[in-house]
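Notes follow once the structure below has been shown.
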Amino acid sequence: MSKSSKTEAQNTFMSFKYQEVYAIIFLLDPKYKKYEEIMIEFKDDIYLIGNKNDIICQLKTIETIGKRITNASESLWKTIYNWSNYIKNELISEQDELMLLLQNDEESQENDFAQKISKANSKDEINQLYEEFTEWYNENYIKKEKEATDYKRPEIRNYLDEIFSKDNVELTKLVIKNFNFVEEKKNCFLRIKNFLHTSEAIPDSLFDDYLLSLLGWISKLIITSDNKVIVREEYDKFKKDFLENRIIIKKLNSYIDTIDINQKIGETQERNPLFLKELLKLSLNDYDIIESISDYVSVLNDREHYALDNLISISAIDDHDNELHSYWKSEKEEIELTNEQSLLIKSNIIRLKCMKYRINLDGIETPYYFTKGSYHYLADLSRIYWWIDRSDNDD
């Protein structure tokens, strides 16, 4: 893959939310292979489903919490409070692992409680740690509040009151028992690349293509899945299909450069269709690209055939194209106003909606590929565009 394609992979990666990035890390990390499904923003930031137990993961970064995790961090105690309620309401089981994952540029200071929680295993250790928590809580909050006349009650105190209440003692201890604090300093993008090289054994010659296709596959799942779930079995199939069908890529590369496509649109061989350039920017997989080219070429033939054989009126094609344009425009305007996701996600949502849209041509029921191919035809003429922000497009 070219240098620009490598940059494109990294730019695509940067458009992912932090939860989505770590979903990919959990997918590729050999330590988590036994977990069959990875759900994003379900019960918590990441939810891993396994045969024997699940993992509920809360993700924190310096950017999201504004400072490092310390003993007095609201993020630490709010997480414990939420998890104790999950167990209390039977939203998670008593066997599930509870992970607080923090990404720092350097190790946190004064986070000994988080570290101690991770290491407390025996009943005695848990009881002793709870007593230490309680003493710290009384010293830093209860005592100060009683002694100071102008003491301002902090928000964290509400969580601590619940955590240390008599009713919640056993729940808090159960959270301590299952708690795992993970602090990481490594660059996420480099970690994913490392997993692809090592545990996934992706050859160097295919590496950049695979990474870009993987990111495209993940982004499509995020768009089309109501629960934002990554199924390991489906990923294994994606990987198998990718590696087994490298010959398709070679055929594709030669196919899009042939004189036939460019002649049909009245251009020279030096120029690839504009619609294809935009689709490649959306990180689509090989099959979507091949299908798009096939639809595009088929429509060029059909449009010429319908006109020459007098199957439609003179204005029918224009009316058809105008209706497709109107639908695309309305969807684009709506998503720009209501959707706060990345340009990549928004662009793919519009593309998927247009690909499902169906209309007849002058009363004729057209083949399944006709509307899709016509959209690519309009994209090639710049009447519509797949990358939602044209100002960000490399024309």
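Nothing here was measured: the structure is a model prediction, and the numbers come from that model. In what follows, every heavy atom counts, from backbone to side chain, and hydrogens, waters and symmetry copies are set aside.
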Is it the case that over 12 heavy atoms from other parts of the model lie below 6.0 angstrom from the [atom1] atom of [X]?
{"X": "Gln128", "atom1": "CD", "value": "no"}
{"X": "Lys33", "atom1": "NZ", "value": "yes"}
{"X": "Lys78", "atom1": "NZ", "value": "no"}

Should the ring pair [X] and [Y] be called parallel, tilted or perpendicular, given that the plane angle runs from 0 to 90° and is split at 30 and 60?
{"X": "Tyr32", "Y": "Phe26", "result": "perpendicular"}
{"X": "Tyr47", "Y": "Phe42", "result": "tilted"}
{"X": "His320", "Y": "Phe370", "result": "perpendicular"}

Q | Trp83 and Asp44: side chain donor to acceptor below 3.5 Å | A |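 Yes, Asp44 and Trp83 have a side-chain donor paired with an acceptor closer than 3.5 Å.
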Q: State which residues pass side chain to side chain donor-acceptor pair (under 3.5 Å) with Tyr327; sequence neighbours excluded, sorted by chain then number.
A: none
Check: [Y] and [X] side chains under 4.5 Å, non-hydrogen atoms:
{"X": "Lys193", "Y": "Phe207", "answer": "yes"}
{"X": "Glu333", "Y": "Lys329", "answer": "yes"}
{"X": "Pro30", "Y": "Phe195", "answer": "yes"}

Give the minimum heavy-atom separation between [X] and [Y], together with the two atoms involved.
{"X": "Thr371", "Y": "Tyr357", "value": "CG2-O, 3.1 Å"}
{"X": "Leu361", "Y": "Ala316", "value": "CD1-O, 3.8 Å"}
{"X": "Ile335", "Y": "Lys346", "value": "CD1-O, 3.6 Å"}
{"X": "Ile38", "Y": "Ala23", "value": "CD1-O, 3.8 Å"}

Q) How many angstroms lie between CG in Leu27 and OH in Tyr235, if you round to the nearest 0.5 Å? A) 5.5 Å
Q: Could you tell me the separation between the CD1 atom of Ile384 and the OG atom of Ser326, rounded to the nearest 0.5 Å?
A: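 OG of Ser326 is found 12.0 Å from CD1 of Ile384.
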State whether [X] and [Y] are salt-bridged, where the test is any N-O pair (Lys NZ or Arg NE/NH1/NH2 against Asp/Glu carboxylate O) under 4.0 Å.
{"X": "Lys228", "Y": "Glu41", "value": "yes"}
{"X": "Glu331", "Y": "Lys353", "value": "yes"}
{"X": "Glu336", "Y": "Lys332", "value": "yes"}

Q: Under the salt bridge (Lys or Arg N to Asp or Glu O under 4.0 Å) rule, collect the residues that match up with Asp45, sequence neighbours excluded.
A: none
Q: Without swapping roles, check the side chain of Tyr369 against the backbone of Ser298 for a donor-acceptor pair under 3.5 Å.
A: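 No, the answer is negative, given that no donor and acceptor are paired below the 3.5 Å cut-off.
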Q: Go through the structure and list residues passing side chain to side chain contact (heavy atoms under 4.5 Å, CB included) with Glu234, not counting sequence neighbours.
A: Trp217, Leu221, Val231
Q: Measure centre to centre between the rings of His376 and Phe275, then say whether the value is under 6.0 Å.
A: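 For His376 and Phe275, the ring centres are under 6.0 Å apart.
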Q: Assert yes or no for the condition that the ring centre distance of Trp77 to Phe133 is strictly below 6.0 Å.
A: yes
Q.
Test side chain to side chain contact (heavy atoms under 4.5 Å, CB included) on Val229 and Ile40; report intermediate values, then the result.
A. CA-CA 6 Å; Val229 57; Ile40 303 170; over 6 Å; no
